[in-house]
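Only one structure is covered here, and it is reproduced in the block below.
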Protein chains: 2
Amino acid sequence: MGVSAASRVALLVLHSAPQPLRPPSVITGRGIAKPLPCLTCPAKAKNVCKPLEYDRQKELFQLGHQSKWEPRQFLFRAGSPAGPLFKIISGIVAVSKGLPDGRRQIIALVFPGDICGYTQINGQYVYDGEAITPVTACAFDRSRFNAFIHRNPDVADAMATLLQEKLERVRQHLTIVGQLTSTERLASFLSMLARAYSEHGFQVRPLVMPMKRSDVSEYLGLRTETISRAFTKLRKQRLIELDDDDSIIICDPIRLSRLGNAMD
Amino acid sequence: MGVSAASRVALLVLHSAPQPLRPPSVITGRGIAKPLPCLTCPAKAKNVCKPLEYDRQKELFQLGHQSKWEPRQFLFRAGSPAGPLFKIISGIVAVSKGLPDGRRQIIALVFPGDICGYTQINGQYVYDGEAITPVTACAFDRSRFNAFIHRNPDVADAMATLLQEKLERVRQHLTIVGQLTSTERLASFLSMLARAYSEHGFQVRPLVMPMKRSDVSEYLGLRTETISRAFTKLRKQRLIELDDDDSIIICDPIRLSRLGNAMD
DNA sequence: CGTTGGGTTGAGCTTGTTCAACCACCGTGG
DNA sequence: CCACGGTGGTTGAACAAGCTCAACCCAACG
């Protein structure tokens, strides 16, 4: 099953929320026509942007700029000076911690609407943030973003909620990695992925794998070979079907979720 | 090495910060002499209480009450209706997630000054909170605590910082459990413990184990036998010495920390 | 003084890792 | 157009890390 990143990604993008192409133009103070992309941004309804009406949204938007990354490009790197933080608009980012000897733990997958690159220690990023699909994101200037939060209590609230959710997800993740067997881990991972996909309006049947085996293995604390074997185990138990491209059909979501100890 | 919970705990308590015994009395509005224990509380300087001057501290204190728990008693249980949240004053609490089949993952050890029991979903606690030493804590009424936070932006700030720290610790923990070998995990655990102890003014030489092997195993995602073997491995490498009670001398903190991949 | 709870150790087993071969797919350059 | 190498995935065989089961020890306690 040799799937290129390109084809994997093409399938995924095909079903993600449509990108804003021609947002309505608005007139700025200086009389120049300038569209505010937020008006049609699919991530507008998520966390920090959610409570913002037009003026404040515009204010926030001007603290940063939108950029794009190709798969395998880094949005930020551990150890480098902490620059902007990112709100993902489309695509998926893997946030990971690398050990000196090359081992890596993926800490979280960041989906559209979520924020990453926020953690900094001694003025440096602590984790790597790598695009695993094509990614668009708003990159916000860190100190101005924080100042904005302090001026806007409702945004601070949204930020606190976001932190809480992140915390819950990592705790879940820890329990999975600490307690489950390889097959259970993969089962819970796939259930989680399916839930995340449906929440973000991606298609779930089939479910297009956003990442390669080695990413899954770094997420679950296993080796790629073990992931591969776990896949075939799930296939033989008729819980999933593996397409010849890299998409998956979950035949029995309930049993799959139960096998993963309902951690999704 | 049969160490009773009593002796383990006695040793630990011996060196923890002294408890307030007779805080200065103050006069309340109604003219009754009433001491505010916070004035001498060793956890006063930590997170939510830190920014509070006398009046607000008193206000917060009156949202709850102080209680004590013996080792192996639960402050809160997953699935039961979400009651108060707790700020630990002395002792250590293990917060854990249990799987239906009895497997358990300890999510965090909560030290004095820290808060636990905060997470709730659908009005229920999500985790178990178990005292592993004698514990004193302030139990705060949940909704009134949240209201208090909303009235006091500086406290909200402290709460956000606390969340951030918790998040970092869990991510660290996940990386340890996901990537390190059993001996490495124990090494990093002991380094972490030593750092936490010295931060809280507990003695570090010798370092008194606050918990039994089975707790350590549930923290690190291993079995008690593996923990035991890892201990003897570290001992044979002369990184630590095991006393016949359950205290540990870290002979070579630097090498120990390095063996744990400097995750402390 | 027997019982209980916690810790250690050994022997054998299971799970997951390592190493290697192999395949399918894709992009590149004769 | 085909030969080629590179990437990603699967599978097998040998191996090792960690788990299971059991025996045993020690200290505390009734």
Side-chain angles (χ1 to χ4, degrees), chain A residues 1-11 70-72 101-104 132-133 176-187 208-236 240-248, chain B residues 1-11 70-72 101-104 132-133 176-187 208-236 240-248:
Chain A
M1 234 179 263
V3 183
S4 74
S7 79
R8 191 198 314 283
V9 148
L11 278 162
E70 290 307 308
R72 302 299 137 187
D101 62 357
R103 284 178 281 184
R104 245 169 48 115
I132 59 177
T133 69
I176 288 166
V177 169
Q179 299 300 324
L180 305 194
T181 67
S182 60
T183 329
E184 290 173 326
R185 289 188 218 184
L186 183 58
V208 179
M209 282 296 282
M211 60 211 318
K212 36 185 192 163
R213 297 288 181 270
S214 65
D215 296 319
V216 181
S217 79
E218 287 177 341
Y219 185 89
L220 292 177
L222 297 164
R223 302 287 137 171
T224 67
E225 296 93 332
T226 309
I227 301 295
S228 194
R229 290 184 231 275
F231 263 115
T232 62
K233 238 181 224 173
L234 294 182
R235 193 162 43 76
K236 285 185 181 160
I240 61 170
E241 270 174 37
L242 290 172
D243 215 344
D244 49 345
D245 57 12
D246 213 20
S247 62
I248 291 165
Chain B
M1 235 177 260
V3 184
S4 74
S7 79
R8 191 198 313 281
V9 149
L11 278 162
E70 291 307 308
R72 303 297 137 188
D101 62 357
R103 284 177 282 184
R104 247 169 47 114
I132 59 177
T133 69
I176 288 166
V177 169
Q179 298 300 324
L180 304 194
T181 67
S182 59
T183 330
E184 290 174 326
R185 290 188 216 185
L186 183 59
V208 180
M209 283 295 282
M211 60 210 320
K212 39 186 191 164
R213 296 289 182 268
S214 64
D215 295 321
V216 182
S217 80
E218 286 176 342
Y219 185 88
L220 292 177
L222 298 163
R223 302 286 135 168
T224 67
E225 296 94 331
T226 309
I227 301 294
S228 195
R229 289 184 232 275
F231 263 116
T232 63
K233 235 181 228 176
L234 294 182
R235 191 163 44 74
K236 285 185 180 160
I240 62 170
E241 269 173 38
L242 289 172
D243 216 345
D244 47 347
D245 57 12
D246 212 22
S247 62
I248 292 166

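Bear in mind the structure is a predicted one, so any value in this text is a computation, not a measurement. The sequence lines fix the lettering, A, B, ..., with proteins before strands; numbering per chain opens at 1. Only heavy atoms go into these numbers, but all of them, side chains included; no hydrogens, no water, no symmetry mates.
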Upstream residue (5' side of DNA chain C) when A/Thr183 and B/Thr232 are each assigned their closest nucleotide: B/Thr232
Could you work out, with side chain to side chain donor-acceptor pair (under 3.5 Å) as the rule, every residue matching A/Thr181, not counting sequence neighbours? A/Glu184
Only counting residues at least two apart or in another chain, list the ones meeting side chain to side chain contact (heavy atoms under 4.5 Å, CB included) with [X].
X: B/Glu70; value: B/Gln73
X: A/Glu225; value: A/Arg223, A/Arg229
X: A/Ser228; value: none

Given atom [atom1] of [X] and atom [atom2] of [N], what is their separation to the nearest angstrom?
X: B/Arg213; N: D/dG18; atom1: CZ; atom2: C1'; result: 17 Å
X: B/Leu186; N: D/dA17; atom1: CG; atom2: C1'; result: 15 Å
X: B/Arg72; N: C/dG5; atom1: CZ; atom2: C1'; result: 12 Å
X: A/Met211; N: D/dG9; atom1: CE; atom2: P; result: 11 Å
X: B/Leu180; N: C/dT17; atom1: CG; atom2: P; result: 14 Å
X: B/Asp245; N: C/dG7; atom1: CG; atom2: C1'; result: 13 Å
X: B/Leu242; N: C/dT8; atom1: CG; atom2: P; result: 7 Å
X: A/Arg185; N: C/dT15; atom1: CZ; atom2: P; result: 13 Å

Counting only N and O atoms by type, is there a donor-acceptor contact under 3.5 Å from the side chain of B/Asp245 to the main-chain atoms of B/Ser247? yes
Axis-to-axis angle across the helix from C/dC1-D/dG30 to C/dG30-D/dC1, five pairs each end, nearest 10 degrees, ~ 10°
Per atom distances to the B/Thr181 side chain, the nearest of C/dG16, D/dG8, D/dG18 is D/dG18
Mind listing the closest non-hydrogen atom pair of B/Leu220 and B/Arg185 along with its distance? O-NH1, 2.6 Å
Show the nearest heavy-atom pair for residues A/Phe231 and A/Ile248, with the distance to one decimal. CE2-CD1, 3.5 Å
Taking only residues two or more places apart in sequence or in another chain, which ones pass salt bridge (charged side-chain N to carboxylate O under 4.0 Å, His left out) with A/Arg235? none
Can you list everything that forms a salt bridge (charged side-chain N to carboxylate O under 4.0 Å, His left out) with B/Arg104? Sequence neighbours excluded, please. B/Glu130, B/Glu218
Using a heavy-atom distance cut-off of less than 4.0 Å, which residues of residues 222-231 of chain A contact DNA chain C? A/Leu222, A/Arg223, A/Glu225, A/Thr226, A/Arg229
